[in-house]
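Please read the structure below before turning to the comments.
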Amino acid sequence: MATPSPASSRSSPAGFVVGLTGGIGSGKTLVSTSLQSLGAAIVDTDLIAHALTAPGGAAMQPIAERFGVDFVTADGALDRQKMRELAFASPAAKRTLEDILHPLIRVATEAQAAQATKTAPYVVLVIPLLIEAGNWEKRVDRVLVVDCSSATQIERVRRRSGLDAEAVRRIMAQQATRQARLDAAHDVVVNEGDTQALARRVVRLHDLYCRLAAAGPHQGL
Ligand SMILES: Nc1ncnc2c1ncn2[C@@H]1O[C@H](COP(=O)(O)OP(=O)(O)O)[C@@H](O)[C@H]1O
Ligand SMILES: [Mg+2]
């Protein structure tokens, strides 16, 4: 597991920030919802990215300019299926999309986190690709990884989205390895079926984060 970095190295203005990550289908949404019900504030970068590419979203004008109106649906949203196919086929297109989205996501994330800090003891930033985008580690005080086996990931995503196993494997191959995530983790939640054990673990983590947040930025880590 990683050695916690001093909070003072972090540039975000928000209070105590936990970065929650994990592979597709690992259970990030489930764990973040559980922490939220205990009192944590959740800022979900997936939801932010989704809003930016919804009809009228701030990313839609630059996307239409760079990729053409073919990538915009009739109601003005990003054509996700089409963009997913292009991004898989073309690393350059993927980078172009990321260059549009990442700065917008960053600004919205920091604004939401700063706002959330006013009312919650700590903030959970849900960042699916936290490890992949290494610089995010400087923005969080603590890395929480949701972990399960690859077989479980594939089964859950198949059930959730109807993608076949091969399509899920392709997405997983573009993400950090399970070991790379575990190496970066300060805390790990194992999510393999037994949701009662998961709930107990989440309560203990919530208590820990409340204590660390109360201890202030220069102590407790
Ligand atoms: N322990 C579990 N047992 C059964 N189903 C689960 C469990 N954890 C998550 N799921 C289901 O698997 C899917 C993926 O979980 P989710 O929390 O959305 O993962 P992520 O946000 O990491 O992609 C969801 O449909 C969720 O309801
Ligand atoms: Mg999710």
Side-chain angles (χ1 to χ4, degrees), residues 12 14 17-37 40-91 93-117 120 123-133 135-136 139-140 144-146 153-154 156-163 167-168 170-176 181 191:
S12 165
V17 177
V18 176
L20 189 161
T21 193
I24 184 168
S26 58
K28 296 179 295 297
T29 298
L30 179 67
V31 171
S32 65
T33 307
S34 306
L35 288 168
Q36 185 172 37
S37 71
I42 308 298
V43 177
D44 189 324
T45 56
D46 254 0
L47 294 182
I48 289 172
H50 210 272
L52 287 168
T53 52
M60 289 317 299
Q61 170 110 19
I63 284 173
E65 280 166 11
R66 295 301 297 272
F67 293 96
V69 290
D70 279 1
F71 286 84
V72 183
T73 63
D75 62 358
L78 175 66
D79 188 329
R80 291 174 208 289
Q81 179 60 27
K82 215 163 165 181
M83 185 56 84
R84 199 176 299 129
E85 282 164 17
L86 178 68
F88 266 124
S90 162
K94 183 164 181 269
R95 251 195 320 278
T96 300
L97 180 66
E98 287 169 353
D99 287 347
I100 293 170
L101 283 177
H102 285 182
L104 294 170
I105 292 172
R106 180 169 306 178
V107 168
T109 300
E110 287 182 359
Q112 285 191 19
Q115 189 61 31
T117 306
V123 177
V124 177
L125 286 188
V126 185
I127 309 175
L129 302 181
L130 175 72
I131 310 304
E132 292 82 343
N135 61 330
W136 274 106
R139 294 162 183 271
V140 302
L144 169 59
V145 167
V146 186
Q153 280 181 275
I154 291 168
R156 283 191 193 140
V157 178
R158 277 182 35 170
R159 232 182 302 137
R160 179 178 63 184
S161 63
L163 292 174
V168 183
R170 276 206 307 171
I171 294 170
M172 288 168 59
Q174 296 218 332
Q175 301 190 339
R181 272 191 296 267
N191 179 26

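In this structure, CD1 on I48 lies 3.5 Å from OG1 on T109, to the nearest 0.5 angstrom. The CD atom of Q153 sits 8.0 Å away from the CD1 atom of I24 when rounded to the nearest 0.5 Å. In this structure, the separation between CG on L78 and CG on L52 is 11.0 Å, given to the nearest 0.5 Å. For the atom pair CD1 of I127 and CG of L144, the computed distance is 11.5 Å after rounding to the nearest 0.5 Å.
Residues forming a side chain to side chain donor-acceptor pair (under 3.5 Å) with T53 (at least two apart in sequence, or on another chain): R80. Under the rule for a side chain to side chain contact (heavy atoms under 4.5 Å, CB included), the partners of L47 that lie at least two apart in sequence or sit in another chain are D44. The side chain to side chain donor-acceptor pair (under 3.5 Å) search around E85 returns Q81, not counting sequence neighbours. Not counting sequence neighbours, R160 has no partner by the side chain to side chain donor-acceptor pair (under 3.5 Å) test. Scored by the side chain to side chain contact (heavy atoms under 4.5 Å, CB included) test, S161 finds V157, L163 as partners (sequence neighbours excluded). Remark: A120 pairs with A41 by the side chain to side chain contact (heavy atoms under 4.5 Å, CB included) rule, at least two apart or across chains. For Q174, the side chain to side chain contact (heavy atoms under 4.5 Å, CB included) partners are F88, K94, not counting sequence neighbours. Every side chain to side chain donor-acceptor pair (under 3.5 Å) that D75 has, sequence neighbours left out, goes to T73.
In this structure, L101 and A59 approach most closely via the heavy-atom pair CD2-CB, 3.7 Å. Closest heavy-atom contact between G19 and L130: O-CD2, 4.2 Å. The two residues S34 and S37 have their closest heavy-atom pair at O-OG, 2.8 Å. For the pair A64 and V72, the tightest heavy-atom approach, listed with the atom from each and the gap, is CB-CG2, 4.0 Å. Contact between R156 and N191 at its shortest, heavy atoms only, is NH2-O, 2.8 Å.
Using modelled atom types, no side-chain atom of R181 and backbone atom of I131 make a donor-acceptor pair closer than 3.5 Å. Between the side chain of S32 and the backbone N or O of K28 there is at least one donor-acceptor pair closer than 3.5 Å.
Residues in residues 49-69 take part in these ring-ring contact (aromatic ring centres under 6.0 Å, His included) pairs, two or more places apart or across chains: F67-F71. The stretch residues 58-67 participates, sequence neighbours left out, in these side-chain hydrogen bond (donor to acceptor under 3.5 Å, both in side chains) pairs: Q61-E65.
Counting only heavy atoms from C-beta outward, the side chains of E110 and R106 approach each other to under 4.5 Å. Using a 4.5 Å cut-off on side-chain heavy atoms (C-beta onward), V146 and L20 make contact. Looking only at side-chain heavy atoms (C-beta outward), D46 and V126 stay at 4.5 Å or farther from each other. Counting heavy atoms from C-beta outward, D70 and D79 have side chains that stay 4.5 Å or more apart. Between P128 and T45 the shortest side-chain heavy-atom distance falls below 4.5 Å.
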